[in-house]
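Structure in structure tokens, see below.
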Amino acid sequence: MGVMILTEIDHIAIAVRDLEAAIEYYRDAFGAEVHHREIVESDGVEEALVKVADSYIQLTAATRDDSPIAKSIEKRGEGLHHVGYRVDDCAAALEAMVAAGATPIDEAPRPGSRGTTVAFIHPKGSFGTLIELVQE
Ligand code: CO
């Protein structure tokens, strides 16, 4: 048994076709306001983050057809896309996950939105869940 390295659920990412419609729905249903909005050009996504306590709901839409989000929606429809686990040290967490048998998508940590450092882990080998390690 190692030391617990997860400090918080950073975000749950929901893939949506129409970001404006999703934002409006969350506003109408929950009174939720967007806390942060960002286009991540390298990933081909636009994110709208709704803050819930110290975590976020990340509504995510594709900005181009070859974006991973566009492909996911094409394959599986809209819905839960990945879970972001917050860690203090993304590189150490990635190393620990790989040592535990996980299949990394990112071989090394890279920049994410909000100035974070992130690394993705493949759902295959992680019980069907795409995992993102997020260091703030
Ligand atoms: Co994410």
Side-chain angles (χ1 to χ4, degrees):
M1 286 283 281
V3 175
M4 172 63 165
I5 58 172
L6 306 180
T7 62
E8 183 70 75
I9 304 295
D10 187 80
H11 63 277
I12 55 170
I14 300 169
V16 303
R17 285 195 180 85
D18 183 338
L19 192 58
E20 304 308 325
I23 290 168
E24 199 180 307
Y25 174 76
Y26 270 72
R27 185 180 297 130
D28 292 347
F30 303 123
E33 293 300 332
V34 171
H35 180 264
H36 179 81
R37 204 168 160 157
E38 185 170 338
I39 291 173
V40 184
E41 208 48 73
S42 52
D43 288 339
V45 301
E46 181 169 10
E47 303 176 355
L49 291 146
V50 169
K51 204 168 192 296
V52 182
D54 204 23
S55 302
Y56 299 92
I57 298 163
Q58 180 186 285
L59 303 169
T60 310
T63 56
R64 53 174 193 263
D65 291 343
D66 66 346
S67 144
I69 291 293
K71 287 179 187 165
S72 174
I73 289 174
E74 198 178 303
K75 241 169 127 176
R76 289 177 289 273
E78 294 177 300
L80 187 61
H81 184 260
H82 65 269
V83 180
Y85 294 149
R86 196 175 301 155
V87 295
D88 288 330
D89 183 337
C90 189
L94 179 61
E95 196 181 317
M97 286 201 74
V98 170
T103 305
I105 292 173
D106 297 303
E107 297 292 342
R110 62 182 178 83
S113 64
R114 288 181 285 136
T116 58
T117 300
V118 304
F120 279 88
I121 304 293
H122 203 283
K124 210 181 284 177
S126 292
F127 299 89
T129 303
L130 177 58
I131 293 172
E132 180 182 12
L133 300 167
V134 184
Q135 178 186 339
E136 288 193 307

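Remember, it's 1-based here, ligands and their atoms both numbered in the order they're listed. Each residue takes its place number in the sequence, starting with 1. The basis for the numbers below is simple: all heavy atoms, side chains too, and nothing from hydrogens, waters or symmetry mates.
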(request) Looking at His82, pick out the N, O or S atom nearest to the Co ion (ligand 1) and give its name. (result)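 For His82, the N/O/S atom sitting closest to the Co ion (ligand 1) is NE2.
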(message) Using a 6.0 Å cut-off, check whether atom CD of Glu95 has over 12 heavy atoms from anything other than its own residue.
(response)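 Incorrect, the count does not exceed 12.
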(request) Give me the ring orientation class for His35 and Tyr56: parallel if the planes are under 30° apart, tilted from 30 to 60°, perpendicular past 60°. (result)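 Correct class here is tilted.
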(request) Give a yes or no on whether the backbone of Ile9 and the side-chain of Ser55 come within a donor-acceptor separation of less than 3.5 Å. (result)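 Indeed, once roles are kept as given, a pair shorter than 3.5 Å links the two residues.
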(request) Can you establish whether the number of heavy atoms outside Tyr25 located under 6.0 Å from its atom OH is more than 12? (result)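 No, because the 6.0 Å sphere around OH of Tyr25 holds 12 heavy atoms or fewer from other groups.
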(request) Have a look at Glu132 and say which of its N, O or S atoms is nearest the Co ion (ligand 1). (result)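 The closest N, O or S atom of Glu132 to the Co ion (ligand 1) is OE1.
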(message) Any N/O/S atom from His81 (main chain or side chain) under 2.8 Å of the Co ion (ligand 1)?
(response) no
